[in-house]
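Have a look at the structure below, then the notes.
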Amino acid sequence: MAKPKMLSVETIARDPIKDAEGKEIGNFVDFMIDLEQNCIPYVIVSLKSRDGYVGIPWGVFKLGEKHSFILDVASSTLDSAPGFSEDKWPDTTTREYEEKIYKHFGCPLCVRC
């Protein structure tokens with residue numbers, strides 16, 4: 001029987017986000033949990049290259065080595081991603097922001113879970 005690969009959100013929140021070359025580009029701020037579909041559709045990230053926060057579909061990340069996560073996305077895509085300020089988060093009573101970031105990152109909504 002294979003061992004399950006599980007990490008707590010608290011552990012992941014302290015892990016760095018790196019680009020494909022291994023350079024640290026940001027960190028996790030929060031995890032959005034969809035209570036209707038029982039999944040994590042996207043995470044909130046703080047990037048070193050820009051102010052504020054960005055939502056990124058959870059499925060875009062890959063597990064790296066030594067507690068890191070790889071975000072193999074062009075820097076231009078990250079810099080132009082729909083973001084928001086620390087004090088004005090997107091409305092979570094609709095799926096508007098979620099749909100916007102999935103479209104931006106080229107992910108079909110059905111792969112969110």
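Ile40 and Ile17 end up in the same hydrophobic cluster when Ile, Leu, Val, Met, Phe, Trp and Tyr side chains are linked at under 4.5 Å.
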Self-check item: Step-by-step side chain to side chain contact (heavy atoms under 4.5 Å, CB included) determination, Glu86 to Tyr53
Solution: CA-CA 7 Å; Glu86 185 177 340; Tyr53 299 145; 3.5 Å; yes
Practice problem: Given side chain to side chain contact (heavy atoms under 4.5 Å, CB included), test Ile56 with Tyr42 step by step and report yes or no. | Solution: CA-CA 5 Å; Ile56 300 177; Tyr42 63 98; 5.9 Å; no
Practice problem: Could you go through the salt bridge (charged side-chain N to carboxylate O under 4.0 Å, His left out) check for Lys103 and Glu98 one step at a time? | Solution: CA-CA 9 Å; Lys103 181 178 180 181; Glu98 180 182 358; over 6 Å; no
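Glu10 is linked by a side chain to side chain contact (heavy atoms under 4.5 Å, CB included) to Ser8, Arg14, counting only residues two or more places apart in sequence or in another chain. Applying the side-chain hydrogen bond (donor to acceptor under 3.5 Å, both in side chains) criterion to Thr94, with sequence neighbours excluded, gives no partner residue. Asp15 meets the side-chain hydrogen bond (donor to acceptor under 3.5 Å, both in side chains) test with His67; sequence neighbours excluded. For Glu65, the side-chain hydrogen bond (donor to acceptor under 3.5 Å, both in side chains) test picks out no residue, with sequence neighbours left out. Thr93 meets the side chain to side chain contact (heavy atoms under 4.5 Å, CB included) test with Asp91; sequence neighbours excluded. Partners of Pro90 according to the side chain to side chain contact (heavy atoms under 4.5 Å, CB included) rule, which considers only residues two or more places apart in sequence or in another chain, are Phe84, Tyr97.
The side chain to side chain donor-acceptor pair (under 3.5 Å) pairs that include a residue from residues 71-85 are Ser49-Asp79, Ser85-Asp87, where partners are two or more places apart or lie in different chains.
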Give every donor-acceptor pair under 3.5 Å between a side-chain atom in residues 18-29 and any protein atom, sequence neighbours left out.
unit_1, atom_1, unit_2, atom_2, d
Asp19, OD1, Glu21, N, 3.0
Asp19, OD1, Gly22, N, 3.0
Asp19, OD1, Lys23, N, 2.9

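Looking at every heavy atom in both residues, Ile70 comes nearest to Gly64 through CG1-CA, 3.9 Å. In terms of heavy atoms, Gly55 sits closest to Phe105 at O-CE1, 3.7 Å.
Leu47 has its side chain within reach of Val54: a pair of non-hydrogen atoms, C-beta onward, lies under 4.5 Å apart.
Ring geometry, Phe61 versus Phe69: the interplanar angle exceeds 60°, so the pair is classed perpendicular (tilted spans 30 to 60°).
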